[in-house]
K.L.:
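Before I ask anything, let me first share the structure, which is written out below as structure tokens.
Any value given below was found using the heavy atoms of this structure, including those in side chains, with hydrogens, waters and symmetry copies removed.
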Amino acid sequence: MELSIEIFILAALAFGLMAYVIGKLHKELGSIMTIIGSLAIFGGITYLGYSGELLGDTEYLTFATFEISQFGLFFAIIVSFVFAMVSFFNPFFIKQYKYPALYSMLFMFSLAGAIGVFFSSDLLYLFFFFEFVVWTSLFLIPMGRSRKAASWYYGFSAAGSFMLLFAILLIFNATGSFHISNISNVTGGTQIAVFILMSGAAFTKLGAFPLHIWLPKVLTNAPDPVTAVFSGGLEKLGAFVALLAIVNMGGIGFMIPTIDMYFGQMVIATLGAMTIVFGTLMAIRQDDAKKLLAYSSMSNGGYILVGFAMLTSQGIAGGLYHIVAHALASTAAFLAIAAVARITGTTKMKELGGIIHKMPVTYMVYLIAIISMAGIPPMGGFISKWMIFQSVMNKGMVIIAIATFFGSIGSFLYVFRPLAALFLGQELPQFKKTVKEVPFFMMLPMLILSLLNVYTGVLPGQIIKFINGIFTDMQLNYNIIMDGFSIQGWNGNSMLNPLLIAGVFGFGVFVAFIIFIVLKKSKKVDLMDTYTAGNFVYTEELLHYSVDFYAPLERLYEKYIHIMKNFYKSLANKVKEFGAFMKYFFFTNKPEITVFWIVALLVFLLWGDVV
């Protein structure tokens, strides 16, 4: 059965409208429509895409042109899957929103726009759908904790959109066509300008340094399910634009022989490495679990950029694989934190603790997710980071390699903090009777994501095959060689066998379990039968250590973290001053200003006669 991609875009819009109408009558039923719609769209795109029966023809959306590509299908499957998984949380949060019917509609509209971006063959319509995603997602943010976060999102998104639009107009001016294939046909100074503008748009949407300011604000303050959509799904629009700019355009600028790399790609790799380091250091400092994961998303975006910038088969494949791994891990982690927030009403780690006893499944979901984020086997994040690291070392870029390695070590530090303080910390008295495991339909998507986190770390063959198909589709002379279950490294000698590694880890866990069962158990004592610093403890809260978790480490770089914040604050003040200046000269009722403009206009009109 053949279907056009426009059917899925129209279906997402139709489900959004139905969710709005039904949501006006019954909140939960309206949100259930987002589950049905997103599952149908994900299933349809995946099945028809794999079978080759997905078409780009248009019958109803005649103003647009679509093209089915492997890289478009890759992103569409990932993002629609994230929407499908997050949608299961919507009925359980819908009562918290002031406009529940509008939330359900905008949720589906954002999915429709994302699909349009990934399959548009015309750059002008790609921009239209890109803007459609920005505007529909913009109004989801204020339904959370703060409206100010939406202003930050709008400001940075507007900057990214203008950069993308200017790049598209430059491409049209140089080639006479808006077709997406012409991105690689621009040359000379226009090529450099397009590369800078499209990279800027990608950095903005991906939340990469130095255009990252909006990301922690939005992911901290947006509704809990929406944060998972942004981190796991909508951020990947930035990765899509980055793929078009960094990879599709090829080498930019002059070649640097010592590292066999073009200057433009070296700049991207450097900024990607800075994104990794900065995101890691900022995540370590956070007490809010959502804000911590927001900086984690920023850091992981840096890995994607570094991988793409290498312009090697290992690097680009690692970047693409990391898109999959991070989408699965971050969505699972954000949903786990959302589950905790629904039960407790907070995501502040100093206000939580000991939840593992009441929410063991949620704990396991978060544990598996952070193992993948930290790049530890046997999870998907390990494979993607291994390929990126291999590519960086092949180029001899030691500083970039140190940054990528530091990001993995640091990520284990910051993701361990919620694990220790929130789940494994002391169970606080106020939550002993109120906390319980989430309902099955909230548990289901988290379990699916956890299984896929393990699957992508043990059996990467299908994803590698898909990535090789992307290389062929983009006419790139790259290929990742699989030898059975092993992935070949950059030098042809190093091999990674994820299945063998998983087997070793599994055997180690099995041995540890046997030891735990066979050996004598530790003696249970009363909670308060302990002391610290030579004094007995009389209140349970004193046993909960979560504030200033990494204080000694934070003190090493504390005075440097405000540099970018102060820069943007100064920039904002300059913009305000410029706005006040423009208001005074263009939007005022002062007579002296009116006289000034009359005189200026007369001088302009008479200038030719005077000369």
K.L.:
Do Phe89 and Met446 come within less than 4.5 Å of each other through their side chains, counting heavy atoms only?
P.N.:
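In short, these two side chains touch, coming nearer than 4.5 Å.
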K.L.:
Side chain of Thr312, backbone of Gly315: donor and acceptor closer than 3.5 Å?
P.N.:
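Yes: the side chain of Thr312 pairs with the backbone of Gly315.
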K.L.:
Taking the side chain as C-beta and beyond, is there a heavy-atom pair between Gln314 and Trp386 under 4.5 Å?
P.N.:
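Contact flag for Gln314/Trp386 side chains = yes.
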K.L.:
Are His212 and Phe278 packed together at the side-chain level, in the sense that at least one heavy-atom pair is separated by less than 4.5 angstrom?
P.N.:
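They are in side-chain contact.
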K.L.:
For His179 and Ser181, which I'm curious about, is there any donor-acceptor pair between the side chains at under 3.5 Å?
P.N.:
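Note: His179 and Ser181 side chains meet the donor-acceptor criterion.
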K.L.:
Answer yes or no: is there a donor N or O on one side and an acceptor on the other, between the side chain of Lys385 and the main chain of Met373, under 3.5 Å?
P.N.:
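Flag set: sc Lys385 to bb Met373 pair under 3.5 Å.
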K.L.:
Got a sec: does the OH of Tyr478 have more than 12 other heavy atoms crowding it under 6.0 Å?
P.N.:
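Result for OH/Tyr478: enclosed.
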K.L.:
Nearest 0.5 Å, what's the CD1-CZ distance between Ile35 and Phe107?
P.N.:
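Between atom CD1 of Ile35 and atom CZ of Phe107 there are 9.0 Å.
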K.L.:
Any side chain to side chain donor-acceptor pair (under 3.5 Å) involving residues 225-248? Give me the pairs, sequence neighbours left out, ordered by first then second residue.
P.N.:
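Sorted pair list: Ser231-Ser297, Ser231-Ser330, Lys236-His326.
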K.L.:
Could you tell me if the side chain of Leu215 sits less than 4.5 Å from the side chain of Phe230, heavy atoms only?
P.N.:
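Sidechains of Leu215 and Phe230: no contact.
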K.L.:
For the side chain of Asn453 and the backbone of Leu449, is there at least one donor-acceptor N/O pair under 3.5 Å apart?
P.N.:
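Yes, because the side chain of Asn453 sits within donor-acceptor range (under 3.5 Å) of the backbone of Leu449.
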K.L.:
How far does CZ of Phe42 sit from CE of Met85, to the nearest 0.5 angstrom?
P.N.:
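So the CZ of Phe42 and the CE of Met85 are separated by 7.0 Å.
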K.L.:
Checking side-chain contact (heavy atoms from CB on, under 4.5 Å) for the pair Phe74/Gln70: CA distance, chi angles, key distance, verdict?
P.N.:
CA-CA 6 Å; Phe74 177 81; Gln70 284 296 299; over 6 Å; no
K.L.:
Any sub-3.5 Å donor-acceptor pair from Ser372's side-chain atoms to Gly381's backbone N or O?
P.N.:
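Indeed, once roles are kept as given, a pair shorter than 3.5 Å links the two residues.
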K.L.:
Just so I know, are the side chains of Ile5 and Ile45 near enough to count as touching, which here means a heavy-atom distance under 4.5 Å?
P.N.:
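Heavy-atom side-chain distance check passes, below 4.5 Å.
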K.L.:
Do Met261 and Leu311 come close enough that some side-chain heavy atom pair is under 4.5 Å?
P.N.:
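Contact flag for Met261/Leu311 side chains = no.
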K.L.:
Going by the angle between their ring planes, with limits at 30° and 60°, are Phe240 and Phe75 parallel, tilted or perpendicular?
P.N.:
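It falls in the perpendicular class, over 60°.
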K.L.:
Does Val365 form a side-chain contact (heavy atoms from CB on, under 4.5 Å) with Leu335? I'd like the steps, not just the answer.
P.N.:
CA-CA 9 Å; Val365 169; Leu335 289 183; over 6 Å; no
K.L.:
With a 4.5 Å heavy-atom cut-off, do Ile115 and Phe83 have their side chains touching?
P.N.:
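Side chain of Ile115 against side chain of Phe83, heavy atoms only: no contact under 4.5 Å found.
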K.L.:
Write out all pairs satisfying side chain to side chain donor-acceptor pair (under 3.5 Å) with one or both partners inside residues 109-126, taking only residues at least two apart or from two chains.
P.N.:
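For residues 109-126, and leaving out neighbouring residues, the side chain to side chain donor-acceptor pair (under 3.5 Å) pairs sorted by first residue read Thr65-Ser121, Ser110-Thr136.
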K.L.:
For a quick test of reading the model, state the closest non-hydrogen atom pair linking Ile323 to Ala239 and the distance between them.
P.N.:
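So the two residues come closest at CD1-CB, 3.8 Å.
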K.L.:
Report all side-chain donor-acceptor pairs from residues 158-170 shorter than 3.5 Å, counting only partners two or more places apart or in another chain.
P.N.:
from: Ser161; atom 1: OG; to: Glu131; atom 2: OE2; distance (Å): 2.2
from: Ser161; atom 1: OG; to: Ser157; atom 2: O; distance (Å): 2.8

K.L.:
Only one of Phe109, Phe130, Tyr154 passes ring pair (Phe, Tyr, Trp, His ring centres under 6.0 Å) with Trp135; say which it is.
P.N.:
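Considering Phe109, Phe130, Tyr154, a ring pair (Phe, Tyr, Trp, His ring centres under 6.0 Å) with Trp135 is found only for Tyr154.
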K.L.:
To the nearest 0.5 angstrom, please state how far the CG atom of Leu219 sits from the CG atom of Leu292.
P.N.:
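Between Leu219 CG and Leu292 CG, I get 11.5 Å after rounding to 0.5 Å.
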K.L.:
How many angstroms lie between atom CD1 of Ile470 and atom CD1 of Ile316, to the nearest 0.5 angstrom?
P.N.:
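Ile470 CD1 to Ile316 CD1: 10.5 Å, rounded to 0.5 Å.
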K.L.:
Before giving the answer on side-chain contact (heavy atoms from CB on, under 4.5 Å), spell out for Thr190 and Ile171 the whole-Å C-alpha distance, their side-chain angles and the decisive distance to 0.1 Å.
P.N.:
CA-CA 8 Å; Thr190 302; Ile171 293 169; over 6 Å; no
K.L.:
Under the ring pair (Phe, Tyr, Trp, His ring centres under 6.0 Å) definition, can you give me all pairs with a residue in residues 284-317, not counting sequence neighbours?
P.N.:
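Applying ring pair (Phe, Tyr, Trp, His ring centres under 6.0 Å) to every pair that reaches into residues 284-317, excluding sequence neighbours, yields Tyr303-His322.
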K.L.:
Test your reading of the model: is there a side-chain donor-acceptor pair from Arg417 to the backbone of Phe412, 3.5 Å cut-off?
P.N.:
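Not at all, since once roles are kept as given, no pair shorter than 3.5 Å links the two residues.
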K.L.:
Is the side chain of Thr331 donor-acceptor paired with the backbone N or O of Leu328 at a distance under 3.5 Å, no angle test?
P.N.:
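Checking the backbone N and O of Leu328 against the side chain of Thr331, no donor-acceptor pair under 3.5 Å is found.
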K.L.:
Restricting to side-chain hydrogen bond (donor to acceptor under 3.5 Å, both in side chains), what partner residues turn up for Thr34, sequence neighbours left out?
P.N.:
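Asn90.
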K.L.:
Once side chain to side chain contact (heavy atoms under 4.5 Å, CB included) is applied, do any residues pair with Val277, and if so which ones, sequence neighbours excluded?
P.N.:
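Scan of Val277 (side chain to side chain contact (heavy atoms under 4.5 Å, CB included), adjacent residues dropped) gives Leu281, Ala403, Phe406.
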K.L.:
Who passes side chain to side chain contact (heavy atoms under 4.5 Å, CB included) against Ala12, sequence neighbours left out?
P.N.:
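Listed in chain order: Ile41, Met108, Ala112.
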K.L.:
Sequence neighbours left out, what passes side-chain hydrogen bond (donor to acceptor under 3.5 Å, both in side chains) with Thr175? Give chain and number order.
P.N.:
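Here no residue qualifies.
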K.L.:
Does Tyr20 offer a backbone N or O that forms a donor-acceptor pair with the side chain of Tyr103 under 3.5 Å?
P.N.:
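Between the backbone of Tyr20 and the side chain of Tyr103 there is no qualifying donor-acceptor contact (under 3.5 Å).
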K.L.:
Under the side-chain hydrogen bond (donor to acceptor under 3.5 Å, both in side chains) rule, collect the residues that match up with Ser38, sequence neighbours excluded.
P.N.:
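So Ser38 forms a side-chain hydrogen bond (donor to acceptor under 3.5 Å, both in side chains) with Ser87.
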K.L.:
Starting at NZ of Lys395, measure out to CE of Met310 and round the result to the nearest 0.5 Å.
P.N.:
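The distance works out to 7.0 Å.
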K.L.:
Spell out, as yes or no, whether a donor-acceptor pair under 3.5 Å connects the side chain of Ser137 to the backbone of Val134.
P.N.:
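Flag set: sc Ser137 to bb Val134 pair under 3.5 Å.
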K.L.:
Are any non-hydrogen side-chain atoms of Lys291 and Lys217 less than 4.5 angstrom apart?
P.N.:
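SC-SC contact between Lys291 and Lys217 ruled out.
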K.L.:
For residues 195-211, which side-chain N or O atoms pair as donor and acceptor with protein atoms under 3.5 Å away, sequence neighbours left out?
P.N.:
from: Ser199; atom 1: OG; to: Phe195; atom 2: O; distance (Å): 2.7
from: Thr204; atom 1: OG1; to: Gly200; atom 2: O; distance (Å): 2.8
from: Lys205; atom 1: NZ; to: Tyr153; atom 2: OH; distance (Å): 2.8

K.L.:
Closest approach of Ser313 and Phe471, non-hydrogen atoms and distance?
P.N.:
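Looking at all heavy atoms of both residues, the closest pair is O-CZ, 3.8 Å.
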K.L.:
Whether the side chain of Tyr321 engages the backbone of Thr456 through a donor-acceptor N/O pair (distance < 3.5 Å, no angle test) should be reported.
P.N.:
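Present.
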K.L.:
Checking Ser31 now: which residues fulfil side-chain hydrogen bond (donor to acceptor under 3.5 Å, both in side chains) with it, not counting sequence neighbours?
P.N.:
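Residues passing side-chain hydrogen bond (donor to acceptor under 3.5 Å, both in side chains) with Ser31: none at all.
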K.L.:
Evaluate side-chain contact (heavy atoms from CB on, under 4.5 Å) for Phe81 paired with Ile448, printing each intermediate quantity in order.
P.N.:
CA-CA 11 Å; Phe81 176 73; Ile448 293 172; 4.0 Å; yes
K.L.:
Under the side chain to side chain donor-acceptor pair (under 3.5 Å) rule, what pairs show up with a residue in residues 269-280, not counting sequence neighbours?
P.N.:
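Sorted result for residues 269-280: Thr280-Ser299.
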K.L.:
Can you name the closest pair of heavy atoms from Gly251 and Tyr262 and give their distance?
P.N.:
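Heavy atoms only, the tightest pair is CA-CD1, 3.2 Å.
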K.L.:
So which atom in Leu305 and which in Gly272 form the shortest heavy-atom distance, rounded to 0.1 Å?
P.N.:
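Between these two residues, the closest heavy atoms are CB-CA, 4.2 Å.
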K.L.:
Name the orientation class of the two ring planes belonging to Tyr50 and Phe466 (parallel below 30°, tilted from 30 to 60°, perpendicular beyond 60°).
P.N.:
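Plane angle over 60°, so perpendicular.
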